[in-house]
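To start, the structure under review is shown below, and the notes come after it.
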Amino acid sequence: MSADSPSAVSVVGGAGDDPHPSLHNDDLAPLPAAQRRWGWFEIFNVWTNDVQSLAGYTLAASLFITAGINGWWVFAAIVLAGLFVNWLVNLTGTPSVRYGIPYAVMARASMGVRGATFPALIRGIVAIFWYGAQTYFASTAVALAINAVLGGPDGPPLLLGMTGVDWVSYLIVAVIQILLFVRGIAWIEKFLNVAGPAVYVVMVALLVAIWVQAGDELLPAVSGIFSSADVQGWAVVTAFLGVVGTMVAYFSAVIINFGDFSRFSRTERGMKVGNFTGLPLSLAFFTFLSLFITAGAYVVYQDGQGDPLTNPADIVGQVGDTALTVVAALTFLVATIGINLVANFIPPAYDLSNLAPQRISFRRGGYLTALFGFVIGALWVAVIDQIGLPKFVDTLGAVLAPLYGILVADYYLVQRRALLVADLYSMDPAGRYHYVDGWNVRAIGAFAVAAVFSVATVWVPWLAELSGFAWVIGAVIGAVLYVAVMRVGTPSGGPAVPVSPAPADASPADAGSTAG
């Protein structure tokens, strides 16, 4: 590697003269400032497409139904979750803006240069699960369009609970996503910039169509059909906070590895503006539309009988207008594919590449993600959906939460906001992040204890009242345990004392060489 290449310059100057080949490739290297093209609008679109996915709508609608509190309180809880997530991603995004490194490399500071393969693998597995789930949800939009054109629903299930049209739709979505991934991140950026606004246009049109038919019945439905007389007193507060916790868990996969996106930002301010407009503001608008559309569809298309429809593709199918059905279905397809690529395809591609940089390229990691995700999505109807989407979301969030707590506690409290970038790519035993043979066993232990408890809150009956708080509980326990174990003595190869932070205006390369 030549010394004047951007990657080489940004990682030289630590314990080793050159980055170790098992820890470095062009995709994992610090991104030079000259190659960062994202402003606030690109970050805004990352969140907008995440919010607008079919799974996101289904989760919000499911919470309106299952929370047992007034629909307006559910709406407020979801908006509060957006504000909280905005604060959380500002914490994880800032170091990657500063140093230009992805999450898989950032994790080396706390877990060790070898130990980081562990959280990266866990994050990758969770993302692959979400990738499969979102692929299935996107395929329902394609199936809706096909059935609308053919003039009726498909026949009985063919395999794993899906009909022939369902399987064809699923294959179509899987192929489209791979083709988009091959085109590269720049093309995906353009894709997202179109998808986000298009979904809002369709949702507003759908709401108008439903409101015209519902008339005066819509507003009472919003307040009434999602409430439960059984939830009173302190249980209302618990239910409210439970909705907040579940929505935070929904975003958990992106929260922890937000550095994979923020590293493309030109400035920290641009990242924060994009986060605020794309999270609390966009989430509030989308949830408002979801609340009214779900309530209106329940009144207009279901006559207030049975369980309200939670998949917008199913609601669109009730409109009775073939052209509108096809346009809406394709728009939801575009939005779901867009965020699936950004949130659930690109991160595991980085994470799998981090396992063996010289053997698994970013593209090869993407192909592996597509393969594993295809199998998981195919099992959605027959297996995973039986768990229930909120519980599925809470479980995945509970696994990731301690990793977030450890990452943030390490950067802000242990490292004191200063990283020695060169040592993140070095196998030199004297390196700051080498710890014990490249592993920080204390961090692994803190994660294990926190993860067991946070997952237990979802599945152990006598902890059921805490299930909505699984993510917060896991993150807090992980952070507290990590700071505690790191202050008891000094792990071999770890920092003896906190280092001084680099200057605020330092470049990623400069910041890497000032620490230590």
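Residues: numbered from 1 along the sequence shown. Values in this document were obtained by computation on a predicted structure and should not be read as measured data.
A donor-acceptor pair shorter than 3.5 Å cannot be found between the side chains of Ser139 and Asp166. Judged by distance alone, the side chains of Gln134 and Asn344 never bring a donor and an acceptor atom under 3.5 Å apart.
In this pair, Tyr170 and Trp167 present their aromatic rings perpendicular. The plane angle is above 60°, beyond the 30 to 60° band.
Pro102 and Asp260 get closest at one heavy-atom pair: CB-OD1, 3.2 Å. Between Pro119 and Leu403, the shortest heavy-atom distance links the atoms CB-CD2, 3.6 Å. When all heavy atoms are compared, the tightest approach of Gly82 to Leu283 is CA-CD2, 3.7 Å. Of all the heavy atoms in Ser262 and Ser96, the pair that sits closest is OG-CB, 3.4 Å. The heavy-atom pair separating Gly373 from Tyr131 by the smallest distance is CA-CD2, 3.8 Å. Shown here for Phe84 and Val248, the closest heavy-atom pair between the two residues is CD2-CG2, 3.6 Å.
Residues that satisfy the side-chain contact (heavy atoms from CB on, under 4.5 Å) test with Leu207, not counting sequence neighbours, are Trp211, Leu289, Phe292, Ile293. When the side-chain contact (heavy atoms from CB on, under 4.5 Å) test is applied to Ile444, the partners found at least two apart in sequence or on another chain are Met111, Phe118, Trp439.
The OH atom of Tyr404 sits 9.5 Å away from the CD1 atom of Ile256 when rounded to the nearest 0.5 Å.
Checking side-chain atoms of Tyr433 against main-chain N and O of Leu420 turns up a donor-acceptor pair under 3.5 Å. Looking only at distances, no side-chain donor or acceptor of Thr294 sits under 3.5 Å from a matching main-chain atom of Leu291. Although no hydrogens or angles enter the test, the distance criterion places a donor-acceptor pair under 3.5 Å between the side chain of Tyr425 and the main chain of Leu28. Not a single donor-acceptor pair under 3.5 Å links the side chain of Ser290 to the backbone N or O of Ala61. In this structure, the side chain of Arg442 does not engage the main chain of Ala484 through any donor-acceptor pair within 3.5 Å.
Tyr411 does not carry Arg416 over the face of its six-membered ring by the limits of under 6.0 Å from the centre and within 45° of the normal.
Sorted by first and then second residue, the pairs that involve residues 269-281 and meet side chain to side chain donor-acceptor pair (under 3.5 Å), not counting sequence neighbours, are Trp47-Asn275, Asn90-Asn275, Glu268-Lys272.
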